[in-house]
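These notes are about the structure you will find just below.
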Amino acid sequence: MARITAGVGSSHVPLLGVAVDQGKTGDDYFGPIFAGYEWTREWEKREKPDVVILVYNDHASAFDASIIPTFAIGCGERYKPADEGWGPRAVPDVEGHADLAWHIAQSLILDDFDMTIINEMDVDHGLTVPLSMMFGQPEAWPTKVIPLAVNVVTYPVPSGNRCWALGEGIARAVASFPEDLNVQIWGTGGMSHQLQGPRAGLLNREWDTKFMDLLVGDSQAARAIPHIEYLRETGSEGIEMVMWLIMRGALGRETKLLHRHYHIPCSNTAIGHIVLDPAE
Amino acid sequence: MNQDIHEYLAELEDIPGTRVFTARRARQGYHLNQFAMSLMKPENRERWKADERAYLDEWPMSEEQKQAVLARDYNRCLDLGGNVYFLAKVFSTDGLSFAEAVSTMTDMTFPEYREMMLNGGRSAEGNRSIKANRAAAGAADQQGGY
């Protein structure tokens, strides 16, 4: 049977991709950020996941304003890195796992989650930056990836509670897949940041720390955090953190902390990273 | 978990210096954002760079929106329904980093903005609610009257 063996949370700031692609990961600015991912890189080499369900948001790359799916799952065979305005990143294509993806899509729909199914799309920094953070610069990504794109741009975005519940549904779906697969789920985006307007540059270490605390153990408090709290406390783009709750929801009743990292700033953003083990 | 939609939307307008990308803004800015999106294609970037005004005139945008884009007035673009992830295609084509483009929306120069970020960013303190700020200012005025 397939099983979810771990959850990873990580920011996906595009500048981190630039740092990797231009070999700057050890300099004064980026060094402390990347140092916090070293543990995870070693851990991933041992864990060797077969598939990563990668929860992220598209930043006006694959989806324009014409179609706005709330939850969309990639069921294709492979995905190319998107050209976000400065040419595509020189990273490997992302290989999908169509069998598991379609199984999850079908299971979720029968479980009352009305998923959008995507067969073809390009994937932007929201998806490729976390892969670079966890795996560096390999010839080919060492895992298959199921992209799960969430609308966190056009309001209303899904509630934290709905995201958590979707994670629970994903866990049920994975558990009913007959093939023996080591599956991880990653929630990406955040942490506090605001990229627009005169209030741009807002960061909130205290709130971010509290949010990470809530992901460890058996608390379900994070699912009740309303949108307005993310907006007021963590900036307009801090809302991306609802995607971490899909990851947390998929890990079951209780989690154990394996690794945690926080750094301010990267460009406009607070970098957060957490690795969780489902306790059961 | 059900929430009254009117209360929900009203709260989104209560954040200082912020334009939450609501349905109203998404409708108002639809063509502005789709124009920006078109710059993801290299051939469109070339045509845009060659003649910005002519390129904009191919889109059913308001004159205000076109002027805001030509002036790279990103706060004005936000007011007219632009979304930063779409507008990013414009400033990326200009060769600006995200941080530099974002700094133009604040009252700081880019070096000042960078310095603020290195020092921990802008505090949420005093930046959470327009209403709360007004109430605090009112209370301060009353105290000043003594």
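A note on names: the letters A, B, ... follow the listed sequences, proteins ahead of strands, and every chain is numbered from 1.
- For B:R134, the CZ atom sits in a loose shell: 12 or fewer heavy atoms of surrounding residues, nucleotides or ligands are nearer than 6.0 Å.
- When the candidates A:A82, A:S66, A:S236 are compared by the number of heavy-atom contacts under 4.5 Å with chain B, A:S66 comes out ahead.
- Checking side-chain atoms of A:R232 against main-chain N and O of B:I15 turns up no donor-acceptor pair under 3.5 Å.
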> Could you go step by step and tell me if B:Y113 and A:N268 meet the side chain to side chain contact (heavy atoms under 4.5 Å, CB included) rule?
Replying inline: CA-CA 9 Å; B:Y113 180 81; A:N268 306 284; 2.7 Å; yes
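- Looking at B:D107, neither its backbone nor its side chain comes within 4.5 Å of chain A, counting heavy atoms on both sides.
- Heavy atoms closer than 4.5 Å to chain A are found in the side chain of B:V84, but not in its backbone.
- Per-residue counts of heavy-atom pairs under 4.5 Å with chain B were compared for A:E206, A:R205, A:H193, A:E237; the largest is that of A:E237.
- Taking both residues in full, the closest heavy atoms of A:R199 and B:R122 are given as O-NE, 3.1 Å, listed atom of the first, atom of the second, then distance.
- Taking the six-membered ring for Trp, A:H59 and B:F86 have ring centres at least 6.0 Å apart.
- Residue A:S61 touches chain B through both its backbone and its side chain, counting heavy-atom pairs closer than 4.5 Å.
- Minimum heavy-atom separation, B:M117 to A:P265: O-CG, 3.2 Å.
- Here the closest heavy-atom approach between residue B:L12 and residue A:I228 is recorded as N-CD1, 4.2 Å.
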>> One pair to check against side chain to side chain contact (heavy atoms under 4.5 Å, CB included): A:Y29 and B:L118. What are the steps and the verdict?
In response: CA-CA 10 Å; A:Y29 189 86; B:L118 287 171; 3.9 Å; yes
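- Heavy-atom pairs under 4.5 Å with chain B peak, among A:P14, A:S192, A:P156, at A:P156.
- Between B:K41 and A:D83 there is no salt bridge, since no side-chain nitrogen of the basic residue lies less than 4.0 Å from a carboxylate oxygen of the acidic one.
- Residue A:P198 comes nearest to B:N75 through the heavy atom pair CD-OD1, 3.6 Å, listed as atom of the first residue, atom of the second, then distance.
- When each of A:T154, A:N204, A:I264 is scored by its heavy-atom pairs under 4.5 Å with chain B, the top score falls to A:T154.
- The number of heavy atoms from other shown groups lying within 6.0 Å of CG (A:D28) does not exceed 12.
- Here the closest non-hydrogen pair linking B:F21 and A:V153 is CB-O, 3.5 Å.
- Contact tally against chain A (heavy-atom pairs below 4.5 Å) for B:S92, B:A36, B:P42: the top residue is B:S92.
- Across B:P16, B:S97, B:A26, the residue that shares the most heavy-atom pairs under 4.5 angstrom with chain A is B:P16.
- Atom CG of A:L203 and atom OG of B:S123 lie 10.0 Å apart (nearest 0.5 Å).
- No part of B:S103 comes within reach of chain A, as not one of its non-hydrogen atoms sits under 4.5 angstrom from that chain.
- The environment of B:K49 atom NZ is dense: over 12 non-hydrogen atoms of other residues, nucleotides or ligands sit within 6.0 angstrom.
- Looking at B:D14, both its backbone and its side chain come within 4.5 Å of chain A, counting heavy atoms on both sides.
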>> I'd like to know whether A:Q194 forms a side-chain hydrogen bond (donor to acceptor under 3.5 Å, both in side chains) with B:T18, so could you lay out the CA-CA distance, the side-chain angles of the two residues, the decisive distance to 0.1 Å, and finally the verdict.
In response: CA-CA 9 Å; A:Q194 172 148 343; B:T18 304; 2.9 Å; yes
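- Using modelled atom types, one side-chain atom of B:Q34 and one backbone atom of A:A65 make a donor-acceptor pair closer than 3.5 Å.
- The closest side-chain heavy-atom distance from A:L195 to B:F98 is below 4.5 Å.
- Judged purely by atom type and a 3.5 angstrom limit, B:R19 has no side-chain atom pairing as donor or acceptor with the backbone of A:G197.
- Top candidate by heavy-atom pairs under 4.5 Å with chain A, chosen from B:S129, B:A99, B:G95, B:G29, is B:A99.
- Summarising the local packing, CG of A:D114 is surrounded by 12 or fewer heavy atoms from other residues, nucleotides or ligands at distances under 6.0 Å.
- When heavy atoms are compared at a cutoff of 4.5 Å, B:M37 approaches chain A solely by way of its side chain, counted from C-beta outward.
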> Going through the distances and angles, do A:D58 and B:Y85 end up as a side chain to side chain contact (heavy atoms under 4.5 Å, CB included)?
Replying inline: CA-CA 9 Å; A:D58 178 82; B:Y85 291 127; over 6 Å; no
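- The environment of A:E120 atom CD is sparse: at most 12 non-hydrogen atoms of other residues, nucleotides or ligands sit within 6.0 angstrom.
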> Passes side chain to side chain contact (heavy atoms under 4.5 Å, CB included), A:H227 versus B:Y8? Steps please.
Replying inline: CA-CA 9 Å; A:H227 290 161; B:Y8 176 86; 2.6 Å; yes
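- Heavy atoms of B:F91 lying under 4.5 Å from chain A are absent altogether.
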